[in-house]
Structures are given as C-alpha cells and as structure tokens.
> 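Sharing a structure, written as structure tokens. Questions coming.
Just so it is clear, the structure is predicted and the values come from calculations on it, not from any experiment. Counting convention: from 1, in listed order, for ligands and their atoms alike. Computed from heavy atoms alone, side chains included, the values below leave out hydrogens, waters and symmetry copies.
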Amino acid sequence: MSSPVSYELVDDIGVVTIDNPPVNALSQAVRQGIHDAIQVARSDASKAILILCEGRTFIAGADIREFGQRPQEPYLPDLCTEIENSTKLVVAAMHGTALGGGFEVALGCHYRCALPTARVGLPEVKLGLLPGAGGTQRTPRLAGAMAALDLITSGNPVDAGRAASLGLVDHLVEGDLREGALDWCRELVAKGASRRKTSELHVETISDGVLADYRAKLAKRARGQVAPQKIIECIEAAMMLPFPDGMAAEREKFMECMQSPQSAAMRHLFFAEREATKVSDLPADTVLRNVDKVGVIGAGTMGGGIAMNFANAGMQVTLLEVSDEALSNGLQTIDHNYMGGIKRGKLTEAEALERRGRITGTTNYATLADADLVVEAVFESLDLKQDIFAELDSVCKQGAILATNTSYQDVDRIAAVTRRPKDVIGLHFFSPAHIMKLLEVVRAEKTADDVLATCMGLAKKIGKTPVVSGVCYGFIGNRMLGHYGREAQLCVIEGAAPEAVDTAMEQWGMAMGPLAVFDLAGLDVGYKARQGLPEDKRGDPRAFRVADALVEMGRCGQKTGAGFYRYDPETRQRSSDPDVQQLIASAADDLDIERREIDSSEIVDRLIFALANEGMNILAEGIAQRPGDIDVVYVYGYGFPAFRGGPMHYADAVGLDDVLQRVQEFQQRFGSENWTPAPLLEQLVADKMTLSEWAKSRRSK
Ligand code: CAA
C-alpha cells in the first residue's frame with residue numbers, strides 16, 4: 001500500500017505532503033510517513049521543511065477510529081517533539097480545519113502559516129479528552145495561559161486571523177497556499193530565521209485567583225465533565241513546570257481521559273451523529289431535488305425560527321399567515337431575533353439585514369406556487385393540517401416537497417389528503433428552531449426516496465443534525481419523552497418534591513430537570529395534546545393529574561409566572577411553591593397513593609430506563625434506524641448529557657442485564673402497564689449481546 005505521505009525537494013525546500021482523505025486524519029501510516037520524511041530531510045539538500053496537506057483540509061486530528069486500540073508507533077507526542085528538534089527549519093501551512101493532533105503537529109513546527117479561511121483549534125474536550133501531544137503545553141507558550149484555557153476548554157476553533165492575533169499563526173497567505181508557503185519558507189531561510197522551538201518559550205501566566213475562578217465557572221458550564229478540569233490542571237502544569245514535566249503531566253491526564261467512560265460516550269456520539277445522516281436503504285445514486293425557494297406556513301415561534309434557518313442558509317423564504325396582524329407579529333419576532341444576534345456579536349448588522357431581506361410575508365397561498373419546499377408549522381390539529389395540505393396540493397407546483405413540522409400527528413394521514421403523498425414528509429424542528437441542532441426527518445409510508453435524500457442534505461445545509469424517524473405517535477423523541485415524563489410525574493405524586501426530581505436529574509447531567517422543562521415548554525401544550533386523544537390513549541391518569549390541575553388553575557408554566565414552580569418575573573429564577581406541595585398532597589390523597597421518600601438513584605433509574613426501554617421498542621419496530629440515532633435525538637434535542645452518550649449508549653454502558661433487572665423490579669413494584677421489559681432488551685440479554693454489537697451485526701447484513 002502506498003504511503004499517504006510524500007516527500008519531494010522543491011529547489012531547496014523539502015515538501016512533506018499528506019494525502020489521507022477525507023480529512024487527513026493522523027493514522028499510523030500518516031505519522032510514520034511524516035517521521036520518514038523528516039528523517040530523509042535530515043541529510044538531503046533541503047534548507048527548510050514545509051508540511052502541508054492535499055484535499056479539503058490540513059490534518060483534522062488524530063484518527064478517532066484508532067482510539068481504544070493499542071497505540072502504535074510512532075506516537076504523536078514523540079512525532080511533534082521530533083519535528084521541533086529537527087535540525088532543519090520546519091513550517092506548517094494550514095488550510096481548512098487544523099484540529100486536535102493536526103494542530104499539535106503544527107505547534108511542533110517552528111513557524112505556522114495559513115490561508116485566511118483556515119480554522120485552527122483543539123476540540124478534544126468535545127470527545128471527553130484533552131490534547132495529548134503537547135497542545136496544553138505549547139499553546140500557552142505561544143498565546144498565554146488565558147487564551148489557551150479558552151481555546152482548549154471550549155474546544156471551539158478560531159479563524160486564522162484570530163489565531164494570528166493570539167500568536168498561534170505567524171503568517172497569512174493570500175492566494176495559492178503551496179506557492180505562498182514556499183515563498184515564505186524561502187524568505188525565512190534567506191533572513192536566517194532561527195528554529196524557534198515552542199517548548200523553549202516563556203509562558204504568560206495568570207494568577208492563582210484567576211485560575212480558581214476559571215475552575216469554578218467551568219465546573220458550572222461543563223457540569224459533571226472530567227476533561228475540562230483536567231485541562232486546567234495541564235495549563236497549570238505548563239505555568240509551573242519545565243516543559244518535559246508538563247508533557248508528562250499532560251500524558252498522564254490524557255490517558256486517564258482516554259480510558260474514561262465519558263470519552264467513550266462522546267466518541268460514540270461523534271460517529272453516531274455522522275452515521276445518523278445516512279439512510280441505509282437509499283440508493284447512493286438518488287438524484288436530489290433543487291431547493292432554492294421555501295415557503296413556511298405559520299409565523300409563530302416555530303414557523304419564524306424555521307424561516308430564519310432557511311434564510312440564514314441563503315434561501316428565499318415566503319412566510320404565510322392567515323391575517324396581516326399575525327404576519328406582522330411574526331415578522332417582528334424575527335426582527336427581534338436578528339437584533340439579538342447582532343447584540344450578542346453573532347452577526348454583523350449587514351449580515352442580519354441580508355438574511356432578514358430573504359424573508360417576505362404573505363397571506364395568500366397562491367404566492368407559494370413556485371416554492372420548492374413548503375414547511376407547515378401551525379398548531380397541533382390534524383384537521384387544520386389536513387386542510388392546509390389539501391390547499392398546498394392545489395397551489396404548489398409539481399415536484400415541490402410538502403413538509404409538516406408536526407410533533408405528534410400521523411404524517412401518513414396528512415399525506416393522504418394530497419394527490420402526491422410521495423412528496424410529503426415530516427420535518428420536526430425543535431424549539432427554538434433557529435438554534436437547536438436536531439431535526440427529526442419523518443419518513444412517511446409513501447415518502448419518495450429523493451424527497452428523503454433531499455431533506456437529509458438540506459438539513460446539513462441549514463446546520464442541523466438530521467435523524468430519520470418512522471411514523472408513530474411522537475416519533476422517536478416525544479414518544480420516548482412520554483415515558484420519561486410519566487415517571488417524573490409519578491415520582492412527584494408518590495412523594496418526591498418537584499425540585500427533588502429536577503435536582504436528581506440535573507446532578508446526573510440533564511441540562512434541565514423534566515418538570516422545569518414542562519414549565520418552560522408550557523404545561524398547556526401537553527394538556528391540549530391529551531385532550532385531543534381518546535381517554536384510553538392518554539396514559540396513566542395518575543401521572544398527569546397534577547399537571548392538569550395546574551393548567552386548570554391558570555398555571556401553565558414560565559409564561560404565566562407559575563407552573564410546578566413559581567418564577568421571578570425579572571430573572572425567571574424558579575422557586576418551590578408551598579401551594580403546589582399542597583396540591584400534590586391532596587391529589588395523592590384522592591388517588592389513594594401513600595407518599596414515601598424516593599431517593600435520587602430511584603428517580604434517575606426510573607426516568608432513564610423508561611427512556612431506554614421504550615428506545616428498544618422503537619428499534620424493534622424500525623422507527624429508528626439504529627441505537628446511535630436515538631442517542632443523537634436525545635443529546636441534541638432533549639438536553640441529555642453528551643458525556644453519558646445518550647440513553648441507548650448509557651444502557652449499554654450500565655450493562656443490559658442490569659437494566660433488564662431494574663426494569664423487571666419496577667414492573668413488580670409499579671405494574672406491567674407502565675413497565676414491561678422491551679422484547680428486544682430481553683432478547684439481547686438472553687443472547688449476551690450489547691446494543692452496539694447488535695447494531696454492528698445489522699450494519700454488516
Ligand atoms: N478521525 C477519523 N475520522 C474522522 C475524523 C477523525 N479525526 N474526523 C472526521 N472523520 C471522518 C468522519 O467520521 C466522516 O466519515 P464518514 O464520511 O465515513 O461519515 C468523514 O471524516 C467526514 O467528516 P465530516 O462529515 O465531519 O466532514 P465535515 O466536512 O462536516 O467536517 C471536520 C470536517 C471539521 C474535520 C469534522 O469532521 C471534525 O470536527 N472532525 C473531528 C476533529 C477532531 O475532533 N479532531 C481531534 C481528534 S482528537 C485528537 O486529535 C487527540 C489527540 O490530541 C491525540
């Protein structure tokens with residue numbers, strides 16, 4: 001097999017070129033190739049060495065697929081040191097995204113140049129890791145300890161201009177990178193530039209007090225995560241210790257992170273997110289439909305957010321409302337959101353104007369005649385949605401994709417009112433739609449392959465992570481949420497205070513406890529959804545007894561200032577409410593429920609295993625393609641902690657036999673109506689198979 005790294009002399013510059021598509025990851029072969037090239041350059045006529053990459057990007061990191069396997073020589077930290085110790089001047093030339101181990105290779109070089117469009121960063125923390133090849137020791141030496149902390153604990157890349165201002169990039173190349181970088185190398189040689197070893201530079205330190213504040217802030221921002229705190233320790237080591245000792249400290253902490261369940265969970269998510277974009281049975285040669293013009297029906301919070309997504313991605317959007325007043329309110333909210341973007345420094349005024357300029361309003365369906373895609377986002381009424389789709393069927397051009405943003409309704413029944421059910425699909429956005437990354441793409445019975453493929457591609461264009469779901473009540477996310485929410489509310493009526501339930505889940509890692517989420521979303525939403533269902537489909541009446549009573553008292557959650565909690569009108573801070581405690585106690589009395597102490601481990605297990613058990617049913621029914629897809633839904637749509645990998649990965653990590661045992665225990669204690677072990681869970685335990693092994697076996701079929 002030929003090496004992904006080549007070496008040639010261009011006049012007196014030794015050029016090392018890495019060509020390892022798709023992202024030039026640092027596989028063993030790439031590390032070996034760079035090592036070999038440096039060795040050759042030692043004794044040839046080169047006066048300097050230039051490292052650059054073919055394809056779309058500079059090295060985008062270590063090869064994540066090699067993680068968890070036995071490391072193979074040459075090791076990356078040694079390679080970076082070898083580069084730094086080279087007797088010839090070494091320069092990195094970066095384009096695309098120079099990330100993780102890739103950026104660490106560049107930090108090992110004596111100088112760095114980049115295209116202005118390049119982005120550099122150390123995103124390891126997003127994989128539950130820290131930079132393990134000198135990144136935590138060299139970055140503070142170039143950019144100072146404070147900038148290094150920000151860069152490495154956030155994991156967010158910075159553009160080349162910013163990197164230059166931080167001292168991480170020395171020279172920006174306009175035009176052709178290879179030619180520009182070669183010229184710059186010649187210039188450095190001509191002026192006798194020294195081999196500037198990053199490891200020998202002085203660190204611009206910060207005080208103990210600043211470090212302690214940073215630690216405390218991060219403990220809040222990255223609650224429950226191990227890697228960010230270890231990164232701080234590494235930066236502290238960079239400030240206090242000689243370089244080799246700092247490297248040893250970094251290595252030790254890197255290995256601890258690599259072996260942690262948190263990193264395994266986050267690496268699982270990295271691949272799950274990418275796999276979720278693939279639809280296993282779609283022919284690879286499916287021709288996509290063109291989508292330039294988008295119609296959005298309904299200018300409420302959801303519709304407005306959806307419109308912004310498409311406008312932000314460069315598409316023309318027509319927003320339709322029934323009245324001028326509703327339309328103007330909707331457009332005002334959009335203006336307000338764009339203004340907020342400017343204020344927070346996310347957008348320039350010109351960018352905001354350009355994006356806003358792509359959205360026009362209408363009250364006339366005929367205006368949607370030339371739309372390539374229409375997304376309906378009106379409130380949850382099947383009759384209303386069916387009326388709208390019948391109307392769309394009569395006005396929209398042939399080939400237009402007709403999508404519904406419903407959270408619960410049957411997409412097949414919506415499609416059935418049109419003469420083109422193959423063009424109908426569900427696009428379930430999450431609120432706030434212009435911010436949340438998840439998009440459930442609901443494949444109805446008759447949805448055409450090219451409609452599905454187009455929507456999956458479109459999701460990427462608008463910056464979403466798509467997951468395909470089949471049709472069922474609530475699709476993947478809300479169907480599972482029903483079980484999670486039921487257990488949360490049952491815990492409350494059985495004896496746990498709302499704050500005990502929320503605190504248990506927040507301490508476990510959920511972004512927000514379930515009852516606080518209900519208050520945020522509006523308790524009336526679930527109330528109305530239940531009213532729309534026949535009584536035998538509403539679920540356990542004990543579970544929503546309190547929520548229904550709260551709505552009937554006018555306590556719909558944050559928007560009315562009170563729900564399960566009371567909210568400060570200024571700060572929106574929640575506080576417990578004795579009235580609610582009383583309401584819960586009297587509801588429990590009415591239902592003959594003897595209240596008891598419930599500890600946090602029972603709360604967590606009931607809520608999380610309710611999710612995982614229903615996830616198993618969803619997999620068995622083929623509603624979700626793979627366990628990883630469910631994990632992506634929960635992490636990106638429901639505030640599930642990434643460091644636990646999603647409910648399905650978590651069940652695997654706990655051990656399916658333990659999960660089954662606990663589900664069986666709950667079945668005995670609470671009854672089979674709410675707790676019946678999923679047949680797939682039982683089968684996997686009987687077969688001694690993990691969920692990930694099951695997914696792998698299906699992939700290879
Ligand atoms: N290792 C292995 N495979 C990788 C990879 C990596 N570091 N980065 C990306 N890939 C793969 C993806 O899995 C995907 O594969 P499939 O096509 O089979 O799904 C393919 O490359 C393309 O990736 P994307 O779809 O993400 O492409 P994109 O253009 O949207 O984004 C990117 C490109 C910004 C580089 C993005 O892939 C990314 O962020 N990659 C991860 C970067 C990273 O985390 N690097 C640090 C690694 S850890 C490290 O380096 C530790 C250390 O210090 C030793």
> Which residue and atom name correspond to the protein heavy atom nearest atom 2 (C) of ligand 1, and how close is it?
D63 OD1, 3.2 Å

> Evaluating non-hydrogen atoms only, which member of K126, R56, E250 is closest to atom 33 (C) of ligand 1?
R56

> Counting heavy atoms only, which part of L127 comes closer than 4.0 Å to ligand 1: side chain, backbone, both or neither?
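Just the side chain.
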
> Just by distance, do the side chain of E54 and the backbone of T17 share a donor-acceptor pair under 3.5 Å?
no

> Can you tell me the protein heavy atom closest to atom 30 (O) of ligand 1 and the distance?
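Residue, atom and distance for the closest contact: K460 NZ, 3.3 Å.
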
> Taking the side chain as everything from C-beta on, heavy atoms only, tell me whether I51 gets closer than 4.5 Å to I18.
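Yes, side chains in contact.
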
> Assess, by modelled atom type and distance only, whether the side chains of E84 and H110 contain a donor and an acceptor separated by less than 3.5 Å.
no

> Distance under 4.0 Å to a non-hydrogen atom of I64: what atoms of ligand 1 satisfy this?
1 (N), 2 (C), 6 (C), 7 (N)

> Show the nearest heavy-atom pair for residues A265 and R644, with the distance to one decimal.
CB-C, 3.6 Å

> May I ask which of R65, E66, R119, R274 has a heavy atom nearer to atom 36 (C) of ligand 1 than the others do?
R274

> Under a 4.5 Å cut-off applied to non-hydrogen side-chain atoms, are R626 and K278 in contact?
yes

> Check contact between T97 and ligand 1, using heavy atoms of the residue and a distance below 4.0 angstrom.
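Flag set, T97 near ligand 1.
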
> Tell me which one of A25, A60, G132 gets a heavy atom nearest to atom 43 (C) of ligand 1.
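Going through A25, A60, G132 one by one, A60 has the nearest heavy atom to atom 43 (C) of ligand 1.
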
> To check your reading of the model: name the closest protein heavy atom to atom 53 (O) of ligand 1, its residue, and the distance in Å.
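Checking every protein heavy atom, the shortest distance to atom 53 (O) of ligand 1 gives E104 OE1, 2.7 Å.
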
> Just to be sure I'm reading this right: ignoring hydrogens, which of R267, K278, E275 gets closest to atom 18 (O) of ligand 1? Compare them by their nearest heavy atoms.
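Nearest option to atom 18 (O) of ligand 1, by heavy atoms: K278.
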
> Does one side chain, of Q32 or Q72, offer a donor that lies under 3.5 Å from an acceptor on the other?
no

> Regarding S27 and R31, do their side chains bring together a donor and an acceptor under 3.5 Å, going by distance alone?
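Result is no, nothing qualifies.
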
> Under 4.0 Å from any heavy atom of G100, which atoms of ligand 1 are there?
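Those of ligand 1 that fall under 4.0 Å from G100 are 46 (C), 50 (O).
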
> Do D631 and H268 have a side chain donor and acceptor closer than 3.5 Å?
yes

> Are the aromatic rings of F640 and Y650 close, with centres under 6.0 Å apart?
no

> Among protein heavy atoms, which sits nearest to atom 47 (C) of ligand 1, and what does the distance come to when rounded to 0.1 Å?
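The closest one turns out to be A62 N, 3.8 Å.
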
> Got an N/O contact under 3.5 Å between G101 and ligand 1?
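Such a contact does occur with ligand 1.
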
> Relative to the heavy atoms of L99, which atoms of ligand 1 are at a distance of less than 4.0 Å?
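Within the 4.0 Å cut-off of L99, ligand 1 contributes 39 (O), 42 (C).
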
> Side chains of Q137 and V203: does their closest heavy-atom pair fall under 4.5 Å?
no

> Return a yes/no value for A133: is any of its N or O atoms, backbone included, closer than 3.5 angstrom to an N or O of ligand 1?
no

> Tell me: protein heavy atom nearest atom 21 (O) of ligand 1, and distance?
P22 CG, 3.3 Å

> Give me the residue, atom name and distance of the protein heavy atom closest to atom 9 (C) of ligand 1.
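Ranked first by proximity to atom 9 (C) of ligand 1 is V23 CG2, 3.5 Å.
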
> Look up atom NZ in K230 and atom CG in L129, then write down how far apart they are to the nearest 0.5 Å.
12.0 Å

> Can you tell if the side chain of D449 reaches within under 4.5 Å of the side chain of V279, non-hydrogen atoms only?
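D449 vs V279: side chains apart.
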
> Less than 4.0 Å from atom 15 (O) of ligand 1, is there any heavy atom belonging to the protein?
no

> Considering only heavy atoms, does F67 approach ligand 1 within less than 4.0 Å through its side chain, its backbone, both, or neither?
side chain

